[in-house]
Each structure stands twice: as structure tokens, then as C-alpha cells.
Amino acid sequence: MRAPELRGDVWLNTGGRPITLAELRGRIVLLDFWTSGCVNCLHVLDELRPLEAEFADVLVTIGVHSPKFLHEGERASIEAAVRRYEVHHPVVNDPKMELWSQYAVRAWPTLAVIDPEGYVVHVAAGEGHEEALRRVIADLVKKHEAKGTLRRGGSPYVPVEEQQSELRFPSKAVATAEGRILVADTGHHSVVEFASDGETVIRRFGSGERGGQDGPFDVATFTEPSGIALLPYDVAERAGYHAVVADTAGHRLRGLDLITGEVTTVAGTGAQWRNGPDSGKGVDVELSSPWDVEWWGPAGGVVVAMAGNHTLSVFDPVSGSIHRFAGTTVEGLRDGDVSEAFFAQTSGLAADGDKLWLVDAETSALRWIEPAGDSFTVQTAIGIDLFSFGHTDGPADKALLQHPLDLAVLPGARIAIADTYNEAVRRFDFFTREVTTLATGLAEPQGLLLTDGRLLVVESAGNRIGPVPASEPSVVTGDAHAVRRPPTVLAPGEIDFSVVFTAPPGEKLDDRYGPSTRLEISASPPELLADGTGVGTELTRKIRFAPGVTEGVLQVVAQAASCDDGGAHPACRITRQDWGVPVRFEEGGASELSLVMAGEPRDAE
């Protein structure tokens, strides 16, 4: 299909100048449909970096920012995200999701490759496509160089001027027994130790370079660290370090010795978890964007919010082992036993006795875990589903948040919430089940810390940490909002469903140990589907919608294994994608639905 022209309301990293596909004719163009709060989209940004370097003279990457939440569509928010995540290619904002519709996109993230003649020749949804894209791009270079249609050189990228500050997009903070404050300085890839005033810098763990090098505090490197957990004294003595850092984009846990300043890797290989073991010796197990960490006695270790695959793990600093504690890797909101519960990008943890409180960013939810017999159970205090959000106080079952990223336990069984995309601090009372607003007008609060009776807030977009402004709690009655995506109009009753996966050039499906594909289908509400739910190995299925239901969301998880075609020891890869497809039923609607995980695109719808 001919690639639709690029249009949006804001262009970033171009000096403000719009870019057209016409001026890029002769170049290979890679469109990255993303949104800044989606952790899978952040994974893709890291996957694209080596490709952009390798094919710098023929490839132009353009980020199409199609916001999920209202806040993500605001210019200041996008500008901050582009700087925070070191996006070094042009970005166009698509607030009404018009490009999303024209390119028939149905999931974050989605990648579309446009050849030098202006045709969309490859689409890939989800993450894990780096090697496949490398082969597709190399194949296009060879083909169009032979045709004489390839043009090399030049880049439309114009870097923005950065302002220097002590902190750069900090995320979370903790207070040591001595009263010092450790802050994850995410944008500087380091951890800063402040005096108790929160202003005087004592030292900095990390050189400021991206990386995963261990060693002395001024030599070690981090990659976008976030959460920090202090270990109990006796555990620290046995482990040999005092704090655990969630080195988020490095997919590692790091140990900090607060006496010697030594930094060590205690879990994670540096590779992102795809589908392998998630339990075992910590340094041998792959992690997926650990976002926060918290010591919790009932779990017997450090609970890790594995935001990248929507699970929680427990790390034992003494034995060095790690194991999955909660979640199934399916993104959603489902309570019950921890082994069957759904989470959605858990980003903040706070222990309170026999309760572990958490915030799920993508469901805008406040939840807690507590012991239940021989297991643990999950319950939700605030939150509805993956698509509902807002700024509404009052009874907790009616209250709404917008992409919260942290929380803190207050006296009197109250929980303070860093309601990040509402730029507010909220409060939940466990006994009255009421929600109020403590402060507004904050610059993307991503961390909360109660120390010496003061509630401190880390304002990530403001590059600062300070006290929450003192004021009486207020009740905000804002509007309820829903994620804005065009619904797919389907015919009522039974339809043919399929997921398209085509192995890239030089690869084939890996069926050495059984079926190479997996498909899981569910729905919200659950009664949307009368038949066709569950897990299977085929990527095609007939599904039947229940009579009388007019709309809902089809939830799909697909996976495919592929390997190099040939060689004694072929490299193998797992491709995985989650979709939440809003659907509406009308007579005359489509009788089939096909989602592209990787392969040739269909005509835009």
C-alpha cells in the first residue's frame, strides 16, 4: 500500500519543521507508533538505537506519538518524554490518532517500514523485532541499490538544547537510617545521595553514562534507574550491601554498599526477559524493566515490580535467588490469588505491615496484596480497567486516577498516591474508603517519600525533590475519560480471527520442540465472548460474540518463535504482542478480524 502522508499538530527534533514523505523519497523510513507511558514502547526505543546507528545513511526513523492518556497528548509532556528517553529522531504528535487509523494500527507499539518508493512493505506490532527489522532493511538496501532508487546521506534530526541541572528526570527516593536521601536520578543514569535537607549532594553513584558496569561509585554505570529499596540491617550484613536499585532500562537489580560506594549486579543478565525462566540464581535470570523494589517481610525478600511483563518477583539478597511471585504476564486488572491475578505495568510499591500496596500505571489503579492462608491475594482499592481514567475524588469505587507511578504509606492507614498524569498527589483512606486530593500543579510526580514527618515528592519533569505543598485536602470531581482509539466495527455473532506472523528474511518458524506459536484470547467484559476464549497453538480461530452485547474490548496475546534458517547453531527469537482491540457490533460489519504481529501489511482500513 502507498504510505499515507505524515501529519500532526507538533513536530519535535526537527527544529519545529514538518517533514513530508515526499522529501524522504529514496530513503527507507521506519515509523514507530508509540506513547510515552507504555513500557513496551520504551523497550522498542532501545531496540531501534543500534539499527539507527547501523543504517544511519539510509534509514530515517520517525516516532508517531499516538497518546493513550490525555496528559500524554500535551506538548509539554511529549517534549519531556522525548528528552527523558533520549529519543534522537524526529517525532510527530498524533493527538487525534489520525495517522494511527490511516496506517491501520491497533496496538502500542507498532512499527511500519516504508521503502524508498513510498510503499509500506513491512509491519510489526509489539517488541523484539530488532533482528527482523535489520534483515528487512538490509534486504531493501540491496534491492533498491540495484534499482537505483536508494538515496544515501542527510538526516532531518535536529537535537534540542539541553539545560544542565543537578537532577534530570528523577523518579523515586528513599531515606537512610542516618537521614540521608537517596534519589534515582534517572536521566543522569545514576543515584544521588543527598544530605537530609534534600539539597546538599554527598556523592553520586554512577558516572552518568548509560551502561551496566559494576565497580566503585564513580566508575559504575546504570541505565535509567528508578526504584530503590533499603535492606534490613541483618539482611544487609549477610548480603554485603545496603540497598537494591531497580536499574530499569538495564533490566538489572544493582546492590549499593553505602559504606564503600561499591556497585554490584545482583540480579539480571542485562538482556530483557522474553519467554525463558524467570526463577533461579539472580544473575542468571533475565528481567523485564524492574520499575520499583520494596523489602516486604511476608514475602521473605525484596519484591520487584517487573513492569515490562506485568508481574511481581521476589529477590532474596542473602541467597541471591529470584522467583516470580505474582502475575501471569497478561496485562489487565484481575484480583484473586497472586498466581492468577493480572497486573498492568506495576510502577510503585509500599509495604505496610502485612499489606503490600502497589500502583498499576496502565490501569490507573491502587491495589494491595496480603497473606491468605498458604498464598497471597490481590485486591483493588481504586481502578476499573485498562481504558478508564480521570481525576475524580470521593468513594474509592467511583474514584479515578491517571497513570500513577508511586505511593507512600501515611499514618492512620492512609496511602498517598503520586498521580503522575494528573500532576497531583492523592490520598486514599483505608477505613473510610474515601479519596481526596492533597496537591495539584506538580510536574509529573513520580516518587513519594515520608521522612521525619514530611511528605516529599519527586517532580520528575521539574527535576526536583521537595515537600508536598501544605494545604487542606480537597475533593475534585473531574470528568471520567476513556482511552481514545477508533473501535473496529464487526458483525454480530461468529467471525474468523487471525494473527499474521511472517518470519523475516533468513528465518523460519521454530518447531523443533513443538508448536512455534501461541494464541490467548479473553475479553473485557468477560461476557463479551460466548465462544473462542482460552489458549491454543494456532494463530487462527473462530470466535463468537455473545448476543445483546454492543461493544467491548477483545484482549489478545500472541507469540511466535523463529530461528535462523540454516547453520549448526541458529540464533532463535521470541516475538510477543498484547492487543486490547475495542470492538463495536453492527449489522454489515466485518466478518473477519486480522491482527499483524509481523509481516506484509494489508490495505489500510
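Both backbone and side-chain heavy atoms feed into the values below; hydrogens, waters and symmetry mates do not.
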> Which distance, rounded to the nearest 0.5 Å, do you find between the NE2 of H403 and the CZ of F389?
Replying inline: 11.5 Å

>> Quick test of your reading of the model: are E434 and R427 salt-bridged, counting only N-O distances below 4.0 Å?
In response: no

> Would you find a donor on one side and an acceptor on the other, under 3.5 Å apart, between the side chain of D429 and the backbone of F431?
Replying inline: yes

>> Could you check whether any side-chain N or O of S460 sits under 3.5 Å from a backbone N or O of P170, counting only pairs where one atom can act as donor and the other as acceptor?
In response: yes

>> Please report whether the ring centroid of W34 lies less than 6.0 Å from that of H65.
In response: yes

>> Go through it in stages, so that I can follow the logic: the residues are Q446 and D406, the test is side-chain hydrogen bond (donor to acceptor under 3.5 Å, both in side chains), and I'd like the CA-CA distance, side-chain angles, deciding distance and then a yes or no.
In response: CA-CA 6 Å; Q446 291 196 18; D406 203 18; over 6 Å; no

> Is the backbone N or O of I382 less than 3.5 Å from a side-chain atom of T380, with the two atoms forming a donor-acceptor pair by type?
Replying inline: no

Could you go through residues 347-358 and list every donor-acceptor pair under 3.5 Å that involves a side-chain atom there, pairing it with any protein atom two or more places apart or in another chain?
| residue | atom | partner | partner atom | Å |
| --- | --- | --- | --- | --- |
| S347 | OG | Q345 | O | 2.8 |

> Which residue, C38, S364, S77, forms the side chain to side chain contact (heavy atoms under 4.5 Å, CB included) with F69?
Replying inline: S364

>> Is there a salt bridge (Lys or Arg N to Asp or Glu O under 4.0 Å) between E166 and R464? Walk through the geometry before answering.
In response: CA-CA 8 Å; E166 193 71 67; R464 58 181 175 262; over 6 Å; no

> When the aromatic ring centroids of H71 and H391 are compared, is their separation below 6.0 Å?
Replying inline: no

>> If we ignore hydrogens and angles and just use 3.5 Å, is the side chain of N40 paired with the main-chain N or O of H43 as donor and acceptor?
In response: no

>> Ignoring hydrogens, what is the shortest heavy-atom contact between L333 and A365? Give both atom names and the distance.
In response: CD1-CB, 3.8 Å

> Where do D360 and R367 land on the salt bridge (Lys or Arg N to Asp or Glu O under 4.0 Å) test, with the steps shown first?
Replying inline: CA-CA 8 Å; D360 270 353; R367 310 172 77 184; 2.8 Å; yes

> Could R426 and F428 be counted as a cation-pi pair, given that NZ or CZ must be under 6.0 Å from the ring centre and within 45° of the axis?
Replying inline: no

> Looking at residues at least two apart in the chain, or sitting in another chain, which of them share a salt bridge (charged side-chain N to carboxylate O under 4.0 Å, His left out) with R324?
Replying inline: D278

> What distance separates D292 CG from I228 CD1, expressed to the nearest 0.5 Å?
Replying inline: 9.0 Å

>> Checking salt bridge (Lys or Arg N to Asp or Glu O under 4.0 Å) between E224 and each of R210, R84, R252, which is the one that passes?
In response: R210

>> As a quick check of understanding, evaluate side chain to side chain contact (heavy atoms under 4.5 Å, CB included) for R274 and E127, giving each step before the final call.
In response: CA-CA 10 Å; R274 296 291 185 198; E127 52 185 285; 2.8 Å; yes

> Counting distance only, does the side-chain N/O of T264 pair as donor-acceptor with the main-chain N or O of V266 below 3.5 Å?
Replying inline: no

> Is a side-chain donor or acceptor of T436 paired with a backbone partner of P473 at a separation under 3.5 angstrom?
Replying inline: no

> Quick one: does T265's side chain have a donor or acceptor within less than 3.5 Å of a partner on A267's backbone?
Replying inline: no

> Is the NZ or CZ atom of R254 both under 6.0 Å from the centre of the six-membered ring of F222 and within 45° of that ring's axis?
Replying inline: yes

> Is the backbone of A424 close enough, under 3.5 Å, to the side chain of D419 for a donor and an acceptor to pair up by distance?
Replying inline: no

> Just by modelled atom types, is the L405 backbone N or O under 3.5 Å from a matching donor or acceptor in the K172 side chain?
Replying inline: yes

> If you measure from CG on L45 to OH on Y85, what distance do you get to the nearest 0.5 Å?
Replying inline: 9.0 Å

>> Would you say the rings of W296 and F376 are close, in the sense that their centroids are separated by under 6.0 Å?
In response: yes

>> Looking at G37, is its backbone amide N or carbonyl O close enough to the side chain of E72 to form a donor-acceptor pair, meaning the two atoms are under 3.5 Å apart?
In response: yes

